[in-house]
Asker: 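Got a structure for you, questions after.
What you see below is based on every heavy atom in this structure, not just the backbone, and it leaves out hydrogens, waters and symmetry mates.
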Amino acid sequence: MSTGDIALAVRGLSKAYSISAGKRQTTTLAETLVNRLRHPFHRARRETFWALDDVSFEVCRGEVVGIIGRNGAGKSTLLKILSRITDPTRGEVDLHGRVGSLLEVGTGFHAELTGRENIYLNGAILGMKRAEIGRRFDEIVEFAGVEQFLNTPVKHYSSGMYVRLAFAVAAHLEPEILLVDEVLAVGDLQFQEKCLGRIRDVAGAGRTVLFVSHNLQTVSLLCNKGLVLRGGRVVFSGDSHGAVDAYLRDLEATRLAGDENSDARPGSGEYRFVSAEPCKALFHGGDEKGVVFRVQRRRAGLSRFYLSGLLVDANGHTLGQFDSRLHGLTLPEAESFEGRLAFRTPWLKPGTYRVDLYICSLGSSPIVDKWENACTVYVSPLTPYAFPVPADAIALGTVLTDFRWEVETVGQLQGIAAGTEMDRRRE
């Protein structure tokens, strides 16, 4: 690989933060004053947290690199350093080209300025000349779909409008390197598709994209390279499919060690899941699925909480969410709980699915325990169709659908291939 082929190079990059340890953080001025009066000579113990630790990699021009990893792995910190928003503690970054970034909603926007003014402001921040911005102005506005609100201060924009305009500016002002954090989830599905299409166009023009996402399906489809971070370190660098596999293996290893390391999982930790198992070893795709679990209190201080969960396929695509608030269920303080999550789905394809479990408080910092890959649900090869199933007949899509074909010929209506298992059940 010649030097001219490299878009960016990272060598020995590390970032350290100093954090308070062993003491509950106060949230109001009154709490702070009372705590200071009660303990006038107490000084909080400080610890060093390494968000990134000796990270090194290279990205070639025209590559689309998906950066994946669990929450707290260092993905956003890495993009902030590459965007020059924060400085590294040690290490070096070489960037060969102009960088455009979309890291969080409203980055580089001034709330009091209008959408029109912020396009020019954000473009200037990205290093563009006014004439250059003017040439792309109409394209940016059309892509963002904010024509009606162009002369309205952006403080009145919804989060979706914010992110549409921010992405449109970053993607249309032709940076050689585009950095995108997972802010696209703020937009609606149609806009997400537009954004992904635009990223493909940017990469097709020979520019470089670094894309942080938890959606493994998007990473597999969009990216040709992948980078997996765990605890601030690079644990895999290679093709995107290999990166997805490495990440899923890492989740499985974490799940198997979950009972022993439950206190190391994300969340404030007043309660923790200590076990989770599927109710059956093998489910049929249309069956009711179930997971039995146990929750243990680690410390007092949380008077009421609720439970949530996600069903995720092997590509990282979320198929369903299970929030106990939708059934009016919140739990009071107690030493422990045992329970069962039961759910029905459309007919799932044969394979493996993971269940992520959450304990959430009703306060402003909701995550108490986040257990990714708490257990695995195995779905049998049984399908709902009456005829043998060729592999390519069910290769696409997420679930197996209940459908029929009807063809009209010579004034007569004929039903073709209508006999699915689901049809027979209705009869």
Side-chain angles (χ1 to χ4, degrees), residues 68-73 159 182-186 188-189 213-217 247-248 251-252 254-259 261-280 283 287-346 348 352-377 379 398-399:
I68 56 179
R70 288 175 288 168
N71 288 338
S159 58
E182 191 159 38
V183 295
L184 301 186
V186 178
D188 57 36
L189 185 60
S213 179
H214 287 285
N215 189 326
L216 303 185
Q217 190 175 42
Y247 175 64
L248 292 175
L251 285 181
E252 179 67 12
T254 301
R255 184 190 71 80
L256 294 175
D259 291 351
N261 299 322
S262 60
D263 289 332
R265 295 197 299 257
S268 55
E270 290 88 350
Y271 286 85
R272 294 288 187 187
F273 286 103
V274 294
S275 65
E277 297 178 354
C279 297
K280 291 170 58 178
F283 295 95
D287 285 350
E288 178 179 276
K289 290 87 178 168
V291 173
V292 293
F293 61 86
R294 187 165 178 267
V295 173
Q296 185 73 42
R297 183 170 65 185
R298 292 290 196 248
R299 63 176 184 271
L302 188 64
S303 60
R304 204 151 193 97
F305 59 94
Y306 64 95
L307 304 174
S308 190
L310 299 175
L311 179 67
V312 184
D313 70 11
N315 292 318
H317 186 230
T318 300
L319 305 183
Q321 180 178 359
F322 320 113
D323 192 307
S324 70
R325 293 175 298 177
L326 299 178
H327 291 285
L329 174 64
T330 59
L331 300 174
E333 191 169 15
E335 285 297 322
S336 64
F337 297 87
E338 292 182 351
R340 178 174 182 263
L341 166 64
F343 56 93
R344 285 195 175 275
T345 65
L348 296 180
T352 60
Y353 299 81
R354 80 170 200 256
V355 176
D356 299 345
L357 294 176
Y358 296 77
I359 301 172
C360 304
S361 75
L362 298 172
S364 57
S365 300
I367 302 298
V368 178
D369 186 19
K370 177 182 179 180
W371 192 0
E372 289 183 314
N373 207 10
C375 70
T376 301
V377 170
V379 173
T398 302
V399 298

Asker: Atom CD in Glu270, atom CZ in Arg297: separation rounded to 0.5 Å?
Answerer: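 Here the interatomic distance stands at 11.0 Å.
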Asker: Of the non-hydrogen atoms in Arg354 and Asn373, which two are nearest, and what is the gap between them?
Answerer: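 Minimum heavy-atom separation between Arg354 and Asn373: CB-OD1, 3.1 Å.
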Asker: Take Val295 and Leu331, measure what side-chain contact (heavy atoms from CB on, under 4.5 Å) needs, and give me the verdict at the end.
Answerer: CA-CA 11 Å; Val295 173; Leu331 300 174; over 6 Å; no
Asker: Measure across Cys360 and Phe305 and return the closest heavy-atom pair with its distance rounded to 0.1 Å.
Answerer: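 It is O-CB, 3.2 Å.
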Asker: In Å, rounded to the nearest 0.5 Å, how long is the span from OH of Tyr358 to CG of Asp323?
Answerer: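 Between Tyr358 OH and Asp323 CG, I get 11.5 Å after rounding to 0.5 Å.
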Asker: Which value, rounded to the nearest 0.5 Å, describes the distance between Arg340 atom CZ and Phe293 atom CZ?
Answerer: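 Arg340 CZ to Phe293 CZ: 10.5 Å, rounded to 0.5 Å.
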Asker: Measuring from Arg265:CZ to Asp369:CG, what's the distance to the nearest 0.5 Å?
Answerer: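 Output value for this atom pair is 4.0 Å.
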Asker: Roughly how far, to the nearest 0.5 Å, is the CZ atom of Arg294 from the CZ atom of Phe273?
Answerer: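 Between atom CZ of Phe273 and atom CZ of Arg294 there are 12.5 Å.
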Asker: Of the non-hydrogen atoms in Ile68 and Ser213, which two are nearest, and what is the gap between them?
Answerer: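 Answer, listing the atom of Ile68 first, then Ser213: CG2-O, 3.3 Å.
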Asker: Distance check, rounded to the nearest 0.5 Å: Arg325 atom CZ versus Leu307 atom CG?
Answerer: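 Taking CZ in Arg325 and CG in Leu307, the distance rounds to 11.0 Å.
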Asker: Given side chains that start at C-beta, do those of Tyr271 and Glu333 come closer than 4.5 Å, heavy atoms only?
Answerer: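 Result yes, sub-4.5 Å side-chain heavy-atom pair found.
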Asker: What closest approach, in Å, do Pro278 and Cys375 show between heavy atoms, and which atom pair accounts for it?
Answerer: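 Smallest interatomic distance, heavy atoms only, reads CD-CB, 4.1 Å.
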Asker: Please find out if less than 6.0 Å separates the ring center of Tyr353 from that of Phe283.
Answerer: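 No, ring centres 6.0 Å or more apart.
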Asker: Evaluate Thr345 against Leu311 for side-chain contact (heavy atoms from CB on, under 4.5 Å), listing each step before the verdict.
Answerer: CA-CA 10 Å; Thr345 65; Leu311 179 67; 3.8 Å; yes
Asker: Please report the C-alpha distance between Tyr247 and Arg70 in whole Å, then the side-chain angles of each, then the deciding distance to 0.1 Å, and finally whether the side-chain contact (heavy atoms from CB on, under 4.5 Å) criterion is met.
Answerer: CA-CA 9 Å; Tyr247 175 64; Arg70 288 175 288 168; 3.9 Å; yes
Asker: Closest approach of Asp287 and Arg344, non-hydrogen atoms and distance?
Answerer: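 So the two residues come closest at C-NH1, 3.8 Å.
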Asker: Show the numbers, then the answer: is there a side-chain contact (heavy atoms from CB on, under 4.5 Å) between Lys289 and Val355?
Answerer: CA-CA 11 Å; Lys289 290 87 178 168; Val355 176; over 6 Å; no
Asker: Which heavy atom of Val368 sits nearest to which heavy atom of Ser361, and what is that distance?
Answerer: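 For Val368 versus Ser361, the nearest heavy atoms are CG2-N, 3.6 Å.
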Asker: Which residues pass the side-chain hydrogen bond (donor to acceptor under 3.5 Å, both in side chains) test with Glu338, not counting sequence neighbours?
Answerer: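 Per chain and number, Glu338 pairs via side-chain hydrogen bond (donor to acceptor under 3.5 Å, both in side chains) with no residue.
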Asker: Does a side chain donor of either Thr330 or Arg304 reach within less than 3.5 Å of an acceptor in the other side chain?
Answerer: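 Thr330 vs Arg304: donor-acceptor pair found between side chains.
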